[in-house]
Asks: 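Please find one structure pasted underneath; my questions will follow.
Only a predicted model underlies this, so the values are computations on that prediction, with no experimental measurement involved. Heavy-atom basis, side chains included; hydrogens, waters and symmetry copies ignored.
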Amino acid sequence: MTKKLLKAAGNPWGQRITLLILICIVMAIFEPIFFKAANAKSILLAISVNGIMACGMLFTVLVGGMDLSVGSMAGLAASVAFKIAEGSGFSTGSFILGCAAALAVCLLTGWLNGFFVTRFGLPAFVVTLAMKYALYGSIYMVTRGFYVYSPGNGPAFKIGNSNVLTIPMPVIIFAVCVAVCAFMLGKTTYGRRLYAIGGNVKASNLVGINSDVNIRVTYMISSVLAGLGGIILASMNGQAGQPTALNYEGNVLMAMIVGGINLAGGEGGVPGAVFGALLVGIINNVMLLLGVSSDTTKFFQGIIIIAAMSLNMYTQRRSAGLTGRPSAKSSAKSAPKDAGSPSGSE
C-alpha cells in the first residue's frame, strides 16, 4: 500500500494533488478561516477569471506559442465595453453592444498576434509582449486615464455579482468555457490539428494541415477569452480601467506551468489548465490570509514557477528513462519548437 502511494505521488498529477493536500493541512493549522464558505466563494471567483484566461492561453501554448498580452487584452476589453455602455447609461442594450465591440477588438488583436507570428516568423513572446504595451496605451486612450464605474443595479454589475441557484455567475461562465474548450480540443478535428502542430509543425504541413491559419485562430481564441475574463473581472469590481487585470498574464502563465502544460507545445489539456488555475487561486488566497505583502507574493510566485518547471522537466526525463544533467545536444532537441514559422500554406 505504501509503495502504491509513493508511486502515485511520483507522477505529475500525484505531485500536484500532494501539494494541494499539504497546503490544506498547513491552512487548517494556521488559518482555519481558509475553509469558511465565504473564503471558498472568493477563491472560486478568482479561479473563474484566471481559469477562463488560462483556457484561452492553452490553445496558443499547445502549438508552441505564448500570449503575454492576455492581461492587457482583458483590461482593454473591459474598458471598451464599459465606455460604450456608459454612453447610454449602462442600459442592457448598450452593455451588450459594448461587449460585442470589445470582443470584436479581441478578435482583431488576436489575429494580429497570429499574423506577425506566422507571416514573419517572429517569436510569440516578443510579439505578444509588444502587443501588451500597445494595448495598455490603448486603454489610456479609451478611458483617458480614469476609471469607468458601473451602477450597482445594471447588467454590467450583475454579470459578475449575481447568482443562479446560489452559484455565482462567473463560475457558471467559467464552467461553460471549460466544457467548450475541452470539446474543441478533445472531440474536433481542429483540436487534433493543434496537437499535431505542437508536436511537429513541419510534419503537419506535409500532411496537409495549414499551420498558419490554425495558429492564428489560437491567438484569436486566447484574446477573446482574455477579453471575456476582463469583462467579468471589471463587473465583479464595478469598474474598468488600466489597472483591470494588470499583470494577470503572470497568474495565467503560472497556471499553465503548475498545471503541467508543456510550453514546448503538443502536450497538455484543459484539466491541467483548470487545475493550475485552481492551485494558483488557492496559493494567492493563502498569501492574502497569511498577511503576505503583494511584493513578497510575487517573489513566491517566481519561485513556484521555477520549481514547477524544474519538477516537470525532471519528471519527463525520468519517465523517458533519462538520468543526470541534460547535455547541450539533448537540451537543443527539447527546446521549444517555433510554431510560428511561416511554413504553412496561405
Asks: Is F300 close to I305 at the side-chain level, that is, under 4.5 Å between some pair of heavy atoms?
Replies: no

Asks: With a 4.5 Å limit on heavy-atom distance, are the side chains of K158 and M169 in contact?
Replies: no

Asks: Checking side chain to side chain contact (heavy atoms under 4.5 Å, CB included) for the pair V148/Q239: CA distance, chi angles, key distance, verdict?
Replies: CA-CA 5 Å; V148 183; Q239 60 187 24; over 6 Å; no

Asks: Rounded to the nearest 0.5 Å, what separates atom SG in C99 from atom CD1 in I159?
Replies: 6.0 Å

Asks: Looking at every heavy atom in both A101 and I84, which two are closest together, and how far apart are they?
Replies: CB-CD1, 3.5 Å

Asks: With a 4.5 Å heavy-atom cut-off, do Y147 and P243 have their side chains touching?
Replies: yes

Asks: What are the two closest heavy atoms between T218 and L194, and how far apart are they?
Replies: CG2-CD2, 3.5 Å

Asks: Please tell me whether F82 and F90 form a close aromatic pair, meaning their ring centres lie under 6.0 Å apart.
Replies: yes

Asks: Strictly distance-based, threshold 3.5 Å: is any side-chain N or O of S79 a donor or acceptor partner for the main-chain N or O of G75?
Replies: yes

Asks: For G110 and S223, work out which heavy atoms get closest and say how close.
Replies: CA-OG, 3.2 Å

Asks: State, with a plain yes or no, whether a side-chain heavy atom of F299 is found less than 4.5 Å away from one of D295.
Replies: no

Asks: Are I304 and L289 linked, directly or through other ILVMFWY residues, by side chains that come within less than 4.5 angstrom of each other?
Replies: yes

Asks: Looking at every non-hydrogen atom in both residues, tell me the closest pair between A77 and G227 and how far apart they are.
Replies: CB-CA, 3.5 Å

Asks: Roughly how far, to the nearest 0.5 Å, is the CG atom of L62 from the CD1 atom of I261?
Replies: 7.0 Å

Asks: Does atom OH of Y133 have more than 12 heavy-atom neighbours from other groups under 6.0 Å away?
Replies: no

Asks: Quick one: closest heavy-atom pair of N205 and S211, and the distance?
Replies: OD1-OG, 2.9 Å

Asks: Roughly how far apart are I221 CD1 and T60 OG1, rounded to 0.5 Å?
Replies: 10.0 Å

Asks: Applying the 4.5 Å side-chain criterion to the ILVMFWY set and letting contacts propagate, would V49 and L288 be lumped into a single cluster?
Replies: no

Asks: When clusters are formed by joining ILVMFWY residues with side-chain heavy atoms under 4.5 Å apart, either directly or through shared neighbours, do L206 and V213 land in the same one?
Replies: no

Asks: Rounded to the nearest 0.5 Å, what's the gap from CG on N161 to CD1 on I232? Could you check?
Replies: 11.0 Å

Asks: When you measure from the side chain of Y140 to the backbone of G241, do you find a donor-acceptor pair of N or O atoms at a distance under 3.5 Å?
Replies: no

Asks: Kindly compute the distance separating CZ (F275) from CG (L279), expressed to the nearest 0.5 Å.
Replies: 5.0 Å

Asks: For E86, give me all partners under salt bridge (Lys or Arg N to Asp or Glu O under 4.0 Å), at least two apart in sequence or on another chain.
Replies: K83

Asks: Hydrogens and angles aside, do T118 and R216 bring a side-chain donor and acceptor to less than 3.5 Å of each other?
Replies: yes

Asks: Return yes if some donor-acceptor pair links the side-chain N/O of N200 with the main-chain N/O of A196 below 3.5 Å, else return no.
Replies: no

Asks: Give the ring-plane orientation class for Y190 versus F59, where under 30° counts as parallel, over 60° as perpendicular and anything between as tilted.
Replies: parallel

Asks: Are F183 and I52 connected in a single hydrophobic cluster, I mean Ile/Leu/Val/Met/Phe/Trp/Tyr linked by side-chain heavy atoms less than 4.5 Å apart?
Replies: no

Asks: When you look at N251 and Q301, which way does the side chain to side chain contact (heavy atoms under 4.5 Å, CB included) test go after all the steps?
Replies: CA-CA 8 Å; N251 286 335; Q301 287 177 340; 3.3 Å; yes

Asks: Working note: Y136 + L246, criterion side chain to side chain contact (heavy atoms under 4.5 Å, CB included); need CA distance, chi angles, decisive distance, verdict.
Replies: CA-CA 9 Å; Y136 276 128; L246 181 65; 3.3 Å; yes

Asks: Are more than 12 heavy atoms, taken from residues, nucleotides or ligands other than L22, located less than 6.0 Å from that residue's CG atom?
Replies: yes

Asks: What heavy-atom pair brings C106 and M73 nearest, and what distance separates the two atoms?
Replies: SG-CE, 3.6 Å

Asks: Distance from F174 atom CZ to L45 atom CG, nearest 0.5 Å?
Replies: 11.5 Å

Asks: Assess the residue pair T297 and S294 against the criterion (side chain to side chain donor-acceptor pair (under 3.5 Å)); give the C-alpha distance rounded to whole Å, side-chain angles, the decisive distance to 0.1 Å, and a yes or no.
Replies: CA-CA 5 Å; T297 298; S294 59; over 6 Å; no

Asks: For a 4.5 angstrom cut-off between non-hydrogen side-chain atoms, does S138 reach M141?
Replies: yes

Asks: I'd like to check V171 versus P168 (side-chain heavy atoms, cut-off strictly below 4.5 Å). Are they in contact?
Replies: yes

Asks: Side chain of N214, backbone of N210: donor and acceptor closer than 3.5 Å?
Replies: yes

Asks: Distance-only check: which donor-acceptor pairs under 3.5 Å involve side-chain atoms of residues 64-71, not counting sequence neighbours?
Replies:
| residue | atom | partner | partner atom | Å |
| --- | --- | --- | --- | --- |
| D67 | OD1 | S69 | N | 3.0 |
| D67 | OD1 | S69 | OG | 2.6 |
| D67 | OD2 | S222 | OG | 2.7 |
| S69 | OG | N113 | ND2 | 3.4 |

Asks: For the residue pair P170 and M236, establish whether any side-chain heavy-atom pair is separated by less than 4.5 Å.
Replies: yes

Asks: Applying the 4.5 Å side-chain criterion to the ILVMFWY set and letting contacts propagate, would V126 and F115 be lumped into a single cluster?
Replies: yes

Asks: If you apply the rule side chain to side chain contact (heavy atoms under 4.5 Å, CB included), what do you find for N237 with F157, and how did you get there?
Replies: CA-CA 8 Å; N237 295 330; F157 183 82; over 6 Å; no

Asks: With heavy-atom distances below 4.5 Å as the criterion, would you say the side chains of C177 and L225 are in contact?
Replies: yes

Asks: Out of the candidates T18, I23, I17, only one should pair with I21 under the side-chain contact (heavy atoms from CB on, under 4.5 Å) rule; please name it.
Replies: I17

Asks: Between S91 and S88, do the side chains contain a donor N or O and an acceptor N or O under 3.5 Å apart?
Replies: no

